[in-house]
Amino acid sequence: MKIIRFTNINSLREQILNASLEQFVLVQLDDKELELDTTCVHRLTQVASECDSTLTFSYFRDRLPDGTLRDHPVNDYQPGSLRDDFDFGSLVLLNAADVLAVTENMTEESKMLDGGWYALRLRVTMGRMIAMVPEYLYTASQTDLRDSGKKQHDYVDPRKREYQRQMEEVLIAHLNETGGAVDTSVREDVDYDSEEFEVEASVIIPVRNRVLTIMDAVKSALSQKTDFKMNVLVVDNDSTDGTRELLEQVEDPRLVLIRVSEDEHLGIGGCWNRALLDSKCGRFAIQLDSDDIYNSPDVVTTIVEKFRSGNYAMVIGSYMLTDFDGNIIPPGLISHDEWTDENGPNNALRINGLGAPRAFFTPVARKILFPNVSYGEDYSMALRITRDWRLGRIFTPLYLCRRWEGNSDAALSQEKVNANNSYKDCVRSFELLSRMRQNSDEARLHGFLPGLPFDPFDIFGSDMDFDIEDDDDDDDMDDEENEI
């Protein structure tokens, strides 16, 4: 079977139409040098035929510059695998008839910077089977050898701004088509003064084994200047390196030390819940990581003023990437200025994070609570909040995010990267299906149903009719493994 190098949708259609009548086409998504195992094509087509999958992909091996091989497993595809950088590897097997059916009216997408691949794979997987073969079937040359900590900010590279804009447009169109889009013209209001709080704001610092950095964070939080009462809640997750002993020496009455024992089995999300549910937690709960620092004594005031200036259940600021000594490192400012009130809650399903520092109106956060994990807990909370409430953005830097060898996300294995991505895809799946159900319930309440071409709650199990007329022409910084 000939390998077709994907460049754009129009070219792929032409090559399919000009080829001999085959049920499947083998498509390469990048320019890497490939070495196919002798049974690669047979195995992919076998699985695709027996499962009736529209898209089939597999594990593969990376060939490093020194010639050595490294296994490269990939993730299963989920309803929430909406990020445009989902790792299919270099090769995918596509059902030719499905591709031709869904791309008949997709001509403009070929002009996109990715040739329309993101739009194609979102469309072709709607209501169809996707098969991932957990077997190493080929080898691909590996050229990007950067550690995971250096790759995670690629999506905010200003050189990719137009690409990100195009991918956002594709996702919004897809969500509108599938009934998963949030109607951002309708938002729930919050009443900031409906409950009494001892203090107006609390800085929340979960920590485990950060003896080298925790006092920098605590001093940064306690140095905040406000004309309202505030405190600092540090949740020590059974530190064993002297972190707790350092914290116990702080005499400032504004510091509240919450001691967590090992048998509570808390991740970062669980530590956040302990702080949120504590009686000393303030009206607004503001995040600070245990190895980062605020860049001025006015950060807490700036965040509270942002809350009070609008009607927000959550506020997210911006940060500056620095080395341990505070020197700015590329890409520098992380502001997420792609955010818009109209599209932000929907585009959030495509990207892997919404920025920092994060702050929450405590009654709303208490209602939802964080999942008890140490990666993606803040992302899960943000998605849930933006389903129903407004999110306020501050596009100027509020803190220094220090990158150093102690960051637990600095150099992750492929398996750990996959586990993190799989969890966030799962969170996106939960949120997507919840939004679809909410939209369907609202539609039933008002006496109409969206004209979806498939059952939104049977995304991968039904046989979608691609011939249905379509009137519509048209995705942060978390420490892991409890080292916070």
Side-chain angles (χ1 to χ4, degrees), residues 182 187-207 221 224 226 228-237 254-261 264-290 299-300 303-317 345 348 353-393 427 430-431 434-435 438 476 478 482 484:
V182 167
R187 306 274 80 187
E188 291 190 22
D189 291 333
V190 293
D191 183 354
Y192 293 135
D193 300 311
S194 61
E195 298 182 31
E196 292 293 330
F197 287 88
E198 291 184 15
V199 299
E200 181 77 348
S202 293
V203 174
I204 310 297
I205 309 176
V207 63
Q224 294 296 296
T226 66
F228 48 78
K229 290 183 179 180
M230 65 160 286
N231 60 18
V232 179
L233 274 60
V234 181
V235 186
D236 179 68
N237 195 4
R254 294 174 299 164
L255 178 69
V256 179
L257 177 58
I258 300 175
R259 299 170 177 84
V260 173
S261 63
E264 293 181 68
H265 309 294
L266 297 189
I268 297 176
C271 290
W272 258 95
N273 292 338
R274 281 289 304 270
L276 284 172
L277 297 174
D278 193 281
S279 61
K280 295 185 180 298
C281 185
R283 192 182 318 275
F284 303 109
I286 303 171
Q287 166 255 339
L288 180 61
D289 284 349
S290 58
V299 170
V300 169
I303 291 174
V304 171
E305 288 178 347
K306 182 64 180 182
F307 273 111
R308 293 286 185 179
S309 71
N311 196 272
Y312 307 115
M314 181 176 182
V315 167
I316 303 180
L354 278 75
R358 300 167 288 273
F360 309 91
F361 177 45
T362 298
V364 170
R366 283 174 172 172
K367 178 180 179 180
I368 299 170
L369 293 180
F370 289 86
N372 184 32
V373 295
S374 291
Y375 177 83
E377 75 291 335
D378 55 328
Y379 183 65
S380 176
M381 175 69 81
L383 289 183
R384 178 60 190 92
I385 287 176
T386 57
R387 188 198 313 170
D388 292 321
W389 288 277
R390 296 175 184 86
L391 185 152
R393 303 296 311 223
V427 166
F430 294 156
E431 184 60 30
S434 296
R435 293 179 180 192
Q438 180 171 286
D476 291 278
D478 295 283
N482 288 331
I484 305 169

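Computed over heavy atoms, backbone and side chain alike; hydrogens, waters and symmetry mates excluded.
Looking at heavy atoms from C-beta onward, Val182 lies out of side-chain contact with Thr386 at the 4.5 angstrom threshold. Within the 4.5 Å cutoff, no side-chain heavy atoms of Glu264 are placed close to those of Asn237. Here the side chains of Leu354 and Leu391 are in contact, with some heavy-atom distance below 4.5 Å.
Atom CD1 of Ile286 sits about 10.5 Å away from atom CZ of Phe360, to the nearest 0.5 Å. Note that the CG atom of Leu369 and the CD atom of Glu377 stand 13.0 Å from one another [nearest 0.5 Å]. Of the inter-residue distances, the one linking Phe228 atom CZ with Glu305 atom CD reads 7.5 Å to the nearest 0.5 angstrom. For the atom pair CG (Asp278) and CD1 (Ile258), the distance works out to 4.0 Å, reported to the nearest 0.5 Å. To the nearest 0.5 Å, atom CD1 of residue Ile204 and atom CG of residue Leu276 are 6.5 Å apart.
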Mind running side-chain contact (heavy atoms from CB on, under 4.5 Å) on Arg283 and Thr362 for me, showing each step along the way? CA-CA 5 Å; Arg283 192 182 318 275; Thr362 298; 5.6 Å; no

Candidate pair Val304 and Met230, rule side-chain contact (heavy atoms from CB on, under 4.5 Å), full reasoning: CA-CA 11 Å; Val304 171; Met230 65 160 286; over 6 Å; no

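Between Lys229 and Glu200 there is no salt bridge, since none of the side-chain N atoms of the basic residue sits less than 4.0 Å from a carboxylate O of the acidic one. Under 4.0 Å is where a charged nitrogen must lie from a carboxylate oxygen, and between Arg274 and Asp236 no such pair does.
The environment of OH in Tyr192 is crowded: more than 12 heavy-atom neighbours from other residues, nucleotides or ligands sit within 6.0 Å.
Listed by chain and residue number, nothing satisfies the side chain to side chain donor-acceptor pair (under 3.5 Å) test with Glu198 (two or more places apart in sequence, or in another chain). When the side chain to side chain donor-acceptor pair (under 3.5 Å) test is applied to Asn231, the partners found at least two apart in sequence or on another chain are Ser202.
Proximity of a side-chain donor or acceptor of Ser380 to a complementary backbone N or O of Gly376 within less than 3.5 Å is not detected.
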